[in-house]
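All heavy atoms count here, side chains included; hydrogens, waters and symmetry mates do not. Just so we're on the same page: letters track the sequence lines, and every chain starts at 1.
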Amino acid sequence: NTMMPDHMAVSWSGSLREGSLRLVSKLKDLSGSCAVDVSTVWWEESGCPELCVVTACETSVSLWKPLSSDQWRNMCTWHLTEKPVIQIVPLPDVHNLVCAALGDLEIGELRVLLCSSEDSSLKQSVVKTGNIKAVLGLKDRRLVSSSRTFQEQQVEIISFLETGRNNKRKTLMAPKETVLAFAEVEGIRDALIGTTTVNSVVVWNLKTGQLLKKMHVGYSYPASVCHRAYSDSGLLFVVLSHPHAKESESCGNPAFRVIAFNPKTGRSAGVMFLSLPPGHTGRYLEGEVKDASAAAVLTSGTIAVWDLLLGDCATLLPPESGGPWSLVRWSARDSYLLAGQKDGSVCVYSYS
Amino acid sequence: CSESDLGPISLNWFEELSLEAPP
């Protein structure tokens, strides 16, 4: 039974294709609430973990289980009535646990949502409060966050047990500038980077907590946000988005940019600009990068997907009849793209 | 980008910066 009293899964196994995207199914939250985020999480009920979709509106977070390739069942919904939900924080290798960031204009609280193994009742517990500026789920069941008091900044790692209980906290050395985004460094196990309010990339050693380096991104692209980083041949490659970039004749209006930093000298060089194809307009609103694929919602309401290996815009997904796209996320496994609209609809596309 | 633009490159930059940075 795919029907629930106030939620419904609408399936669609049609062959609608937009470039390299194929619509697999559509989730519709009939509560009519505005969708604020969407994500995926591994959920295990009877010894077999399944990749489930998590949708969030301001007052609730819902878990959707796949029944078949194109049908979904609303498994449970946590109601969060004290503070609005701002985002879901994916924890890459955690099962049966959803982390949500709550607050008014800014994140004021991080909460884990789980289901009791004893009586299947829904549970919530607060793991951090404060003026939280950035948060990211890391591998090995960890969560990093930056938070600000009037005088100082705290950058903290929280480790989780398999049961979802948080058991260990560790503080990293904080830079003077506020950290607004984090990314793990692929290729170096203990390296973490962040981007700051003064447009710098900072590098930490997660094991020792040391702040290793601060490198400036450049003045042409203010308020850069890091999405992905990898180390190769002695260089640190960082994928940045530029919500406030100015259009230039040579590069158009790049949504993402790949920059190579030499961490030893702090010098950098642009490697790749990811812009829209000629004839298309729109600025970056929000997006996500996974492996070699970058996706962004543009001001035009269209979703654009780029191939980071080729540097090309791979496909454009125009707004659906229900309205412009407002959210885009990659699934934790395989190449599925989750595209959300403000009315709570989430379309699941396979990307090839 | 070439080495001359970015300065001398080290394959062990993470370990070297960890040794140089304040504990």
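- Contacts between A:L212 and chain B at a heavy-atom distance below 4.5 Å involve backbone atoms as well as side-chain atoms.
- Other residues, nucleotides and ligands place no more than 12 heavy atoms under 6.0 Å from the NZ atom of A:K207.
- Heavy atoms closer than 4.5 Å to chain B are found nowhere in A:D232, neither backbone nor side chain.
- Shown here are the salt bridge (Lys or Arg N to Asp or Glu O under 4.0 Å) partners of A:K128, two or more places apart in sequence or in another chain: A:E156.
- The residue among A:D190, A:L211, A:V203, A:T208 with the most heavy atom pairs within less than 4.5 Å of chain B is A:D190.
- Heavy atoms of other residues, nucleotides or ligands lying less than 6.0 angstrom from CZ of A:R189 number 12 at most.
- A salt bridge links A:K214 with A:E177; the closest basic N to acidic carboxylate O contact falls under 4.0 Å.
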